[in-house]
Amino acid sequence: MPTVLRSHGFIFFFYSHEPGEPPHVHVDKGDGSAKVWLENMTIARNHGFKAQELSRILTLVREHRTMLLEKWHGYFGNSR
C-alpha cells in the first residue's frame, strides 16, 4: 500500500493489488475514506467525508494530478 502524498492531514495511497482498475487514488483521514479517479478527477466512492472535505480532496488531486499519475504508472505500469 504505497503512500504517494500527505497533505492537510489527508493520506493519498494506492492499494498494491487492484487488477484492471483505471488510475485512481485512495484517500484517508480520520474515519473518512474516499476513492478518486485520476483521469476525470471525480469521486468514485466516499465514506465519511463531508462535502467541504471532498472539495479539498479534489483540489489537492487537481494540484498534484500529474505527479499522482506518474506514480500510478510507475508503480503499476502503463497497461492500466
Side-chain angles (χ1 to χ4, degrees):
M1 184 170 86
T3 297
V4 292
L5 177 67
R6 292 176 188 265
S7 183
H8 301 278
F10 296 103
I11 301 169
F12 295 76
F13 61 95
F14 306 134
Y15 284 116
S16 58
H17 182 68
E18 291 189 305
E21 290 272 338
H24 65 276
V25 66
H26 295 269
V27 185
D28 284 352
K29 180 179 181 181
D31 292 332
S33 178
K35 178 178 177 178
V36 180
W37 300 119
L38 295 175
E39 294 295 334
N40 60 10
M41 294 180 291
T42 58
I43 303 292
R45 70 167 176 75
N46 171 42
H47 296 289
F49 285 124
K50 296 176 183 173
Q52 183 179 2
E53 293 171 307
L54 290 173
S55 177
R56 184 65 178 147
I57 288 168
L58 288 175
T59 295
L60 290 167
V61 168
R62 218 173 283 114
E63 289 173 0
H64 298 281
R65 182 174 180 261
T66 300
M67 179 274 295
L68 293 169
L69 283 168
E70 286 173 356
K71 297 247 184 208
W72 171 276
H73 291 298
Y75 188 81
F76 292 107
N78 288 324
S79 61
R80 295 178 188 217

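On a predicted model such as this, the values are computed, not experimentally measured, just so you know.
In this structure, the side chain of Ser55 does not engage the main chain of Ala51 through any donor-acceptor pair within 3.5 Å.
Taking 4.5 Å as the limit, every side-chain heavy atom of Phe14 sits out of range of all side-chain heavy atoms of His24. The closest side-chain heavy-atom distance from Glu53 to Lys50 is below 4.5 Å. A 4.5 Å side-chain heavy-atom check between Arg45 and His26 finds at least one atom pair inside the cut-off.
Crowding of Glu39 atom CD: a count of heavy atoms from other residues, nucleotides or ligands under 6.0 Å exceeding 12. Counted within 6.0 Å of CG on Asn40, heavy atoms from surrounding residues, nucleotides or ligands total more than 12; the atom is thus considered enclosed.
Rounded to the nearest 0.5 Å, atoms CE (Met67) and CH2 (Trp72) are 14.0 Å apart. Atom-to-atom distance recorded for Ile57:CD1 and Asp28:CG is 9.0 Å, nearest 0.5 angstrom. Put simply, CD on Glu70 and CG on Leu38 are 12.0 Å apart, with the number rounded to the nearest 0.5 Å. Interatomic distance, CG of Leu58 versus CZ of Arg56, reported as 11.0 Å (0.5 Å rounding). The distance from atom NZ of Lys71 to atom CG of Leu5, rounded to the nearest 0.5 Å, is 9.0 Å. The distance from the OG atom of Ser7 to the CD atom of Glu63 is 7.5 Å, given to the nearest 0.5 Å.
The heavy-atom pair separating Phe49 from Val27 by the smallest distance is CE1-O, 3.7 Å. Residues Tyr75 and Ser16 come closest through the heavy atom pair OH-CB, 3.1 Å. Across every non-hydrogen atom of Trp37 and Ala44, the tightest pair is NE1-CB, 3.2 Å. Between Ile11 and Arg6, the shortest heavy-atom contact is CD1-NH1, 3.6 Å. The two residues Leu60 and His8 come nearest to each other via the heavy atoms CD2-CD2, 3.8 Å.
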Test log, rule side chain to side chain contact (heavy atoms under 4.5 Å, CB included), inputs Phe12 and Lys29: CA-CA 9 Å; Phe12 295 76; Lys29 180 179 181 181; over 6 Å; no
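In this pair, Tyr15 and Phe13 present their aromatic rings perpendicular. The plane angle is above 60°, beyond the 30 to 60° band.
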